[in-house]
Amino acid sequence: MKDSLKNVQEKLNEFPSYHMSQSTQALLHQQVMDTIEDSEIRQKRKGVFLIKAKVGIVTAAAVIIISILTVNLLNDNPNSSGGENPIPINQDVDQEIEQTPGEEEDNNLYDPLLLEQQATEILQAIYDHDMDVLSSHVHTEKGLLFSPYFSVMDDTVRFEKNEVPSLLESEATYLWGYGEANMEIQLTPADYFDKHLQVKRFFKSDEVFVDTQNLEVDPTNYLKTVFPDSKIVEFYHAGTEQYSGMDWRSLNLVFEQDEESAWRLVAIINNLFTP
């Protein structure tokens, strides 16, 4: 019996504590040893000592495993006491997360690739004169603004979303802005699209800027001051050597989030060299 107790004693000492307090470990240890010793004495008197001793050892191992699982679960109880700090398991605790400057939550998260793809679809719709597709991208509340030059005024032409599908059918003329020598740009929507939204060149843009400032043509980041909560996709066509680079052009598609946080088109703004 002494050899069996010694063997169990060694196994118990090798078993991990799983963050049990010293007093809990000692109590569990003593209870297991008492159970084995008492079982061996009683079973020896019945003449089946060897078989029952093995059963007792298996039972003791089961007691140890169950006890450890119980202690592990109790570690989640903030009212449990012990000599060591328990490891919390799935503990719902309100914690304050410190944010360093510049790490505030960005509510304007977006996927640059998806936004560029959306802008390209809009280019295609303009080229195809598919106003239904164009309208599907327009912001419901803010409508769609057009500017032939790189400026936005209070009286810049803007259409409601529900006006866009039939826009090219309108015979009305609008004052879209002012051109060279301060000449008024008075055109129908269809004429404006043909003369000022010549999008074919932008399918082969030299660069596409997605919410990135083009320092070469917009050093002051002007559009971001007009649309501070926007994401802007700029299709940039560089100038040619023939004209010393002065014939560059860019088309800016301005997006803002709607009430469902989807990015919707709010403005189409040209930018080109003006003497």
Side-chain angles (χ1 to χ4, degrees), residues 119-135 137-139 141-206 208-209 213-214 216-228 230 232-240 242-256 264-275:
T120 302
E121 291 174 359
I122 291 170
L123 279 189
Q124 188 65 54
I126 295 173
Y127 180 76
D128 295 336
H129 288 186
D130 191 336
M131 306 308 288
D132 288 329
V133 172
L134 178 61
S135 177
H137 292 281
V138 174
H139 198 290
E141 296 179 358
K142 299 184 179 182
L144 181 58
L145 176 149
F146 292 90
S147 180
Y149 295 102
F150 204 57
S151 64
V152 177
M153 310 297 290
D154 291 339
D155 58 352
T156 299
V157 175
R158 186 182 69 85
F159 297 97
E160 299 294 338
K161 179 183 175 73
N162 59 11
E163 294 180 292
V164 175
S166 60
L167 190 60
L168 298 184
E169 302 169 12
S170 174
E171 296 295 330
T173 59
Y174 297 86
L175 176 59
W176 302 86
Y178 297 86
E180 295 181 8
N182 207 31
M183 294 284 294
E184 291 184 349
I185 302 175
Q186 292 269 5
L187 297 169
T188 65
D191 289 338
Y192 179 84
F193 270 55
D194 290 339
K195 294 181 179 181
H196 291 276
L197 292 183
Q198 299 172 2
V199 300
K200 183 177 180 179
R201 75 184 71 191
F202 297 113
F203 287 116
K204 295 182 179 180
S205 298
D206 293 296
V208 179
F209 297 87
Q213 182 181 2
N214 184 351
E216 186 172 351
V217 301
D218 184 19
T220 63
N221 211 11
Y222 168 72
L223 286 186
K224 275 293 188 178
T225 63
V226 180
F227 303 96
S230 68
I232 301 171
V233 179
E234 177 186 352
F235 295 92
Y236 175 69
H237 191 275
T240 62
Q242 180 181 357
Y243 297 99
S244 302
M246 297 298 181
D247 55 337
W248 64 267
R249 294 179 70 101
S250 67
L251 186 68
N252 297 271
L253 304 186
V254 184
F255 298 85
E256 291 186 356
R264 299 301 182 188
L265 185 67
V266 297
I268 299 177
I269 300 173
N270 288 350
N271 193 10
L272 66 159
F273 175 75
T274 52

Is a side-chain N or O of [X] found less than 3.5 angstrom from the main chain of [Y], in a donor-acceptor match?
{"X": "Ser170", "Y": "Ala172", "result": "yes"}
{"X": "Asn270", "Y": "His196", "result": "yes"}
{"X": "Ser230", "Y": "Glu256", "result": "no"}
{"X": "Gln213", "Y": "Pro219", "result": "yes"}
{"X": "Ser166", "Y": "Glu169", "result": "no"}
{"X": "Lys161", "Y": "Leu144", "result": "no"}
{"X": "Asn221", "Y": "Lys224", "result": "no"}

Revision key, fill the gap. Sequence neighbours excluded, the answer for side-chain contact (heavy atoms from CB on, under 4.5 Å) partners of Met183 is Ala181

**Study point:** Counterpart residues, side-chain contact (heavy atoms from CB on, under 4.5 Å), relative to Thr220 (two or more places apart)
**Key:** Asp218, Tyr222

Practice item. Step through the shown structure and confirm whether more than 12 heavy atoms of other residues, nucleotides or ligands are within 6.0 Å of CD on Glu216. Key: no

Point to revise | More than 12 heavy atoms from other groups under 6.0 Å of OH on Tyr127 | key: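 No, the 6.0 Å shell around OH holds no more than 12 heavy atoms from other groups.
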
Measure across [X] and [Y] and return the closest heavy-atom pair with its distance rounded to 0.1 Å.
{"X": "Ile185", "Y": "Tyr149", "result": "CD1-CE1, 3.6 Å"}
{"X": "Phe255", "Y": "Val233", "result": "CE1-CG2, 4.0 Å"}
{"X": "His237", "Y": "Lys204", "result": "CD2-O, 4.3 Å"}
{"X": "Val133", "Y": "Ala125", "result": "CG1-CB, 3.8 Å"}
{"X": "Pro165", "Y": "Asp132", "result": "CB-OD1, 3.5 Å"}
{"X": "Tyr178", "Y": "Leu175", "result": "OH-CD2, 3.6 Å"}

Point to revise | Test applied, ring pair (Phe, Tyr, Trp, His ring centres under 6.0 Å); reference residue, Phe193; option that passes from Phe146, Trp176, Tyr174 | key: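 For Phe193, the ring pair (Phe, Tyr, Trp, His ring centres under 6.0 Å) test succeeds with only one of Phe146, Trp176, Tyr174, which is Phe146.
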
Practice item. Only counting residues at least two apart or in another chain, list the ones meeting salt bridge (Lys or Arg N to Asp or Glu O under 4.0 Å) with Arg158. Key: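 By the salt bridge (Lys or Arg N to Asp or Glu O under 4.0 Å) rule, Arg158 matches Glu160.
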
Study note, to complete from the structure: Rounded to the nearest 0.5 Å, the CD atom of Glu234 sits from the CZ atom of Phe202 at a distance of 9.0 Å

